[in-house]
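Note sheet for the following structure.
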Amino acid sequence: MVEPYDAVDVIRTERDRQTLSDDQIAWVIDAYTRGVVADEQMSALAMAVFLNGMERPEIERWTRAMIESGECLDFTSLGATADKHSTGGVGDKITLPLVPLVAAFGVRVPQLSGRGLGHTGGTLDKMESIPGWRANLTNEEMFDVLREVGGVICAAGSGLAPADKKLYALRDTTATVDCIPLIASSIMSKKIAEGTGALVLDVKTGAGAFMREEARARELARTMVDLGTDAGLTTVALLTDMLTPLGLTVGNALEVRESVDVLAGGPSDVIELTVALAREMLAAAGKPDVDVAAALSDGRAMDVWRRMVAAQGGDPDAALPVAVDTHTITAEHDGVVSAIDAMDVAVAAWRLGAGRARKEDPVDAAAGVELHAKPGDTVRAGQPLLTLHTSDPARFPRAEQALAGAISLAAPGTSVATRPLIIDRIA
């Protein structure tokens, strides 16, 4: 077979800030998936995109080419469907209560999730702290759970956008992850191929987010919404705050425990964001006028959660892993908590064993950080601020180093201003 293009020519086009044609993009993604374009050549192209960017039509065609590299699912036989994607944060356990909450209103939720890497936690790692629960389902099993229960949280199959899986691994080792065209096309290729009827994006900004600067987070949200719209997918994004960890826990089993609490009442910020995202998902699926909060308070969402866990082999009544060792950090003096740096807390949880540096690393399901105060709370000297959880006490010193400046205390009586959890809505 004679290839219609040469990788060097495609790289040169992007390097010289010229527009890649639809055919060039389609070919280079397909050829890379087939192994015709070498890793070093795709690395060069990814770096050129990182440095020079892409126009909207190029990003759309790049995304479409990655979708075309694999299979597409079709959930139309199940009725209304909606999905959510978060760009990743600290203590972001929203998916766990959100899926059963939306499913409680008859909208199917095919939540294909991933594992944690670096400072962000992975939904599948959290769910796997539940004894017996399994992440890997066949397409047939996934459809069965959706029909019977209404919601599913599972790993994406290898057939969805295989070009993205290969390219993401390459970007992770070539310093080209933080690139809006490549991030947007990576996320949206999988979500569009997944076949959901509506998509709500939770795009985070602040210390604990990949996009720390609000302007870049807003650009990413706009790009992804445009990609969804171009593909005929109803897509909405919420721009949300990630200066402070969500809720009171960061870690796998710790966050599952808190998520179950949310289904019966829980931290106000987690409930606020869960309800807001649920309203967006339900409205996009054609149910704009339902009482979302009521399904949390009356137990309907909890019932779906229990059935959903059991349908994937988990025991919703089983005890979750508990850390062998804990260590509490207390306030040095009286004051008002003025800030908690989400990234510092995330690094500490990672050093305690809750996260991984490489995708093949194991995680300690019981490890993490528990918060006893949030910004605006008044504390007294000696009062607990954080409790560290781990199965290896040798990890405490480095975790404490990460937390050295994580919590700021203002003078007693100080009024602390916080920005809203939901900053904007982009549609």
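Just so you know, residue 1 is the first one in the sequence shown, and it goes up from there.
Once rounded to the nearest 0.5 Å, the distance linking CE of Met224 with CD1 of Ile426 reads 9.0 Å. Within the model, atoms CD of Glu128 and OG1 of Thr123 stand 11.0 Å from one another, a figure rounded to the nearest 0.5 Å. Atom CG of Leu170 and atom CD of Gln41 lie 11.5 Å apart (nearest 0.5 Å). To the nearest 0.5 Å, atoms CZ (Arg64) and CE (Met66) are separated by 12.5 Å. With rounding to the nearest 0.5 angstrom, the CG atom of Leu409 is 9.5 Å from the CG atom of Asp334. Rounded to the nearest 0.5 Å, atoms CG (Leu273) and NZ (Lys93) are 10.5 Å apart.
In this structure, the side chains of Met142 and Phe75 come closer than 4.5 Å at one or more pairs of heavy atoms. With a 4.5 Å cut-off on side-chain heavy atoms, Asp83 and Gln111 count as touching. The side-chain heavy atoms of Tyr168 and Thr176, taken from C-beta on, include no pair separated by under 4.5 Å. When side chains are defined from C-beta on, Leu199 counts as touching Met188, because their heavy atoms get closer than 4.5 Å. Within the 4.5 Å cutoff, no side-chain heavy atoms of Met308 are placed close to those of Val152.
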- [ ] Could you walk me through whether His327 and Thr387 pass side-chain hydrogen bond (donor to acceptor under 3.5 Å, both in side chains), step by step?
- [x] CA-CA 6 Å; His327 174 70; Thr387 298; over 6 Å; no
- [ ] Applying salt bridge (charged side-chain N to carboxylate O under 4.0 Å, His left out), run through Arg34 and Asp30 and close with a yes or a no.
- [x] CA-CA 6 Å; Arg34 290 186 285 118; Asp30 176 64; 2.7 Å; yes
- [ ] List the steps, then state whether side-chain hydrogen bond (donor to acceptor under 3.5 Å, both in side chains) holds for Ser86 with Asp92.
- [x] CA-CA 8 Å; Ser86 168; Asp92 183 9; 2.7 Å; yes
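Judged by distance alone, the side chain of Arg300 and the main-chain N or O of Phe105 form no donor-acceptor pair under 3.5 Å. Of the possible donor and acceptor atoms, one in the side chain of Thr205 sits under 3.5 Å from a partner among the backbone N and O of Met211. Put simply, the side chain of Thr414 never gets that close to the backbone of Ala410: no donor and acceptor are under 3.5 Å apart. Arg108 contributes a side-chain N or O that, together with a main-chain N or O of Leu146, makes up a donor-acceptor pair within less than 3.5 Å.
Between Pro375 and Ala339, the closest heavy-atom pair is CG-CA, 4.3 Å. In this structure, Phe143 and Leu78 approach most closely via the heavy-atom pair CD2-CD1, 4.1 Å. Nearest heavy-atom pair, Ala354 versus Asn252, reported as atom, atom and distance to 0.1 Å: O-ND2, 3.2 Å. For Pro110 against Thr81, the heavy-atom pair with the smallest separation is CD-CB, 4.4 Å. Residues Lys374 and Ile340 come closest through the heavy atom pair CA-CD1, 4.0 Å.
Remark: Ala283 engages Pro288 in a side-chain contact (heavy atoms from CB on, under 4.5 Å) (not counting sequence neighbours). Thr76 meets the side chain to side chain donor-acceptor pair (under 3.5 Å) test with Asp74; sequence neighbours excluded.
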